[in-house]
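Bear in mind the structure is a predicted one, so any value in this text is a computation, not a measurement. The sequence lines fix the lettering, A, B, ..., with proteins before strands; numbering per chain opens at 1.
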Number of protein chains: 2
Amino acid sequence: MPRQARLTERAIAEAALAVLDAEGIEALTMRHLAAGLSTSAMALYNHFSDKEAVLEAVTQLMLAEIEAPPPGMSWQETARRIMRSARAVALRHPHAAPLIARFPPRTPDALAFVEAGFRSFRAAGFDPRSTAQAYRTLVAYSLGTQEIEVTGYFAAHPAAGGPAGSLDQPSAGRLMPTIQEVGPELANQDPEQQFEYGLNVVLAGLEALLPRR
Amino acid sequence: MPRQARLTERAIAEAALAVLDAEGIEALTMRHLAAGLSTSAMALYNHFSDKEAVLEAVTQLMLAEIEAPPPGMSWQETARRIMRSARAVALRHPHAAPLIARFPPRTPDALAFVEAGFRSFRAAGFDPRSTAQAYRTLVAYSLGTQEIEVTGYFAAHPAAGGPAGSLDQPSAGRLMPTIQEVGPELANQDPEQQFEYGLNVVLAGLEALLPRR
DNA sequence: ACCTGAACACCGTTCAAGT
DNA sequence: ACCTGAACACCGTTCAAGT
C-alpha cells in the first residue's frame with residue numbers, strides 16, 4: 001500500500017474540517033484529530049503552535065471556498081454573489097461556520113473574494129472609504145445571518161413559539177401580546193427567503209447612501 | 001457580619017457575569033465561579049443543570065439591560081434606540097457579548113425590548129410578517145456588528161494591514177492591489193461611526209422595501 | 001432540599017527522549 | 001527536523017454521603 005501522505009498544515013486542516021463536518025466542534029480534540037491522521041497528538045504541534053492555530057487554518061480553508069465573481073458585473077450583482085456563496089459555505093459546514101466570525105481571511109486564496117468585491121466597488125466609482133464602509137456592513141450582515149441560520153436562533157426564540165419561561169414568571173404571552181402575534185412569523189418563513197430579504201435591504205440601503213457615481 | 005446571600009439562579013448568573021467581565025470567558029469555570037460565591041462547584045448543580053444553562057442565564061441578564069424605548073416614537077427611532085442600546089450592552093460586556101448570538105431572549109425582562117420593537121412596527125402599520133422580516137434583518141446586523149467590534153475583526157484583518165501570510169506564499173499586496181488600497185480604511189475608521197453607517201444602511205433599506213403604510 | 005469532597009473521564013500542552 | 005509516550009495541570013460532571 002502507498003505510504004501515508006505527508007503530514008502538512010493543509011492535510012491537518014482538511015482533516016480537522018472533516019472532523020467538524022462529521023462530528024461537530026466538541027469532537028475536535030487534538031488526540032482525536034491526530035488519530036484520524038494516524039499520528040500522535042503531539043505531532044500536530046510540529047505544524048501548529050496550538051489548537052487555536054488549527055482552527056484558524058480551518059477557517060482559511062472555508063473562506064477559500066467562497067467564490068470570487070469574475071470582473072465585469074455591477075457592484076450589486078458582485079456583492080449578491082459573494083454573499084450567497086458565503087452563505088452556501090456556512091450551510092455546507094454548519095459546525096465549523098462559527099469560526100468564520102473569529103478569524104478574518106488571511107491567505108491569498110481566502111482573500112480572493114475580498115479582492116473581487118473591492119475591485120467591483122472601485123470600478124463602480126466608489127472611493128476606498130465608501131468601499132470599506134460598504135464592505136463592513138455586508139460582513140456584519142453575513143456574520144449575523146450565519147449565526148442565526150447555523151444555530152437555529154429563531155427556532156429556539158420564545159418569540160417564535162420556543163420554550164416558555166420558568167414557571168414562577170408570569171406568562172410572557174399575557175404580558176407581551178405583540179410577541180405572541182409576530183413570533184410565529186419568525187420561525188415559519190423559509191430561511192433562504194429571509195436571507196434574501198435582508199440582503200435586498202442592505203443592498204437597497206447601500207444604493208441609497210453610497211455617494212452618487 | 002450578615003449571613004451570605006442565599007444561592008439563587010440570579011445570584012449565580014450575576015457572579016458569572018462579573019467573572020466574565022473581570023477575567024474573561026476562559027476564567028469562567030464551575031470551580032472558580034463557586035469559589036467566588038464561597039460555595040462548592042457542585043452546589044451550582046442544584047440550581048443549573050449544567051454550565052450551558054449558566055451561560056444561558058448570563059445571556060438573559062445582558063439582554064435585560066437592553067433598553068426598551070417608550071411607545072410613541074417612529075419605528076425608525078425605536079429601532080435606532082434598541083440597536084444602539086444593544087451595542088452599548090455588548091461593549092459593556094465584551095467577554096460575555098458573544099453569548100448573545102447563542103441564546104435568544106427568553107425571560108420577560110429579556111424580551112422587553114423585543115415587545116417594544118414589535119409594537120412600534122405594528123403601530124406603524126406593518127403586518128406581522130413584515131415586522132418579523134425587519135426584525136430578523138436588524139438582529140443579523142446587530143449580532144454581526146457585535147462580533148466585529150468585540151473580537152476586533154478588522155483590526156486583525158490582513159486587508160486592514162494585519163499580519164502577512166506565511167512566507168512561502170506570494171505577497172498578498174502584489175497579487176491584491178485593491179485590498180492594499182482599501183484595507184487601511186477598514187481599520188482607521190471610528191467604530192461608532194462604522195456602526196452608525198451600517199445602521200443607516202439597514203434602516204434606509206427597510207424604508208425602501210417595507211410595504212407602503 | 002441543598003450542599004460537600006472524592007473520583008472519573010476527559011482536555012490542551014510541556015517535557016524528556018528518541019530517530 | 002519530526003515524532004513519541006508519559007506526565008502535568010487542569011476541565012465538567014457523577015456519585016455516595018452528609019445535613
Not counting sequence neighbours, list each pair that qualifies as a salt bridge (Lys or Arg N to Asp or Glu O under 4.0 Å) and has a residue in residues 45-61 of chain A. A:Glu52-A:Arg102, A:Glu56-A:Arg106
Relative to the ring of A:Phe121, is the ring of A:Phe126 parallel (under 30°), tilted (30 to 60°) or perpendicular (over 60°)? tilted
For DNA chain C, which nucleotides open and close the run of contacts to chain B, 5' to 3', at under 4.0 angstrom from a non-hydrogen atom? C:dC2 to C:dA7
State which residues pass salt bridge (Lys or Arg N to Asp or Glu O under 4.0 Å) with B:Arg129; sequence neighbours excluded, sorted by chain then number. none
Check whether any side-chain heavy atom of A:Asp21 lies under 4.5 Å from a side-chain heavy atom of A:His95, and answer yes or no. no
Residue whose closest nucleotide on DNA chain C lies nearer the 5' end, A:His32 versus A:Met42: A:His32
For DNA chain C, what are the stems built from at least three Watson-Crick or G-U pairs in a row, each pair having both distances below 3.5 Å? C:4-8 with D:12-16, C:12-16 with D:4-8
If the condition is salt bridge (Lys or Arg N to Asp or Glu O under 4.0 Å), which residues does A:Glu192 pass it with, not counting sequence neighbours? none
Just to be sure I understand the geometry, which residues of residues 45-61 of chain B put a non-hydrogen atom under 4.0 Å away from DNA chain C? B:Asn46, B:His47
Can you sort out the partners of A:Glu9 under salt bridge (Lys or Arg N to Asp or Glu O under 4.0 Å), two or more places apart, ordered by chain and number? none
Identify, residue by residue, the members of residues 17-31 of chain A with a heavy atom below 4.0 Å from DNA chain D, and return them in order of residue number, or none. A:Arg31
Counting only N and O atoms by type, is there a donor-acceptor contact under 3.5 Å from the side chain of B:Thr145 to the main-chain atoms of B:Ser142? no
Under the salt bridge (Lys or Arg N to Asp or Glu O under 4.0 Å) rule, collect the residues that match up with B:Glu185, sequence neighbours excluded. none
For residues 12-19 of chain A, dump all side-chain donor-acceptor pairs below 3.5 Å to protein atoms at least two apart in sequence or in another chain.
none

Listed partners of B:Thr151 passing side chain to side chain contact (heavy atoms under 4.5 Å, CB included), at least two apart: B:Glu147, B:Tyr153
For A:Arg80, enumerate each residue passing the side chain to side chain contact (heavy atoms under 4.5 Å, CB included) test, keeping only those at least two apart in sequence or located in another chain. A:Glu77, A:Arg84, A:Glu196, A:Leu199, A:Asn200, A:Leu203
Anything under 30° is parallel, anything over 60° is perpendicular, the rest tilted; go ahead and classify A:Phe118 against A:Tyr135. perpendicular
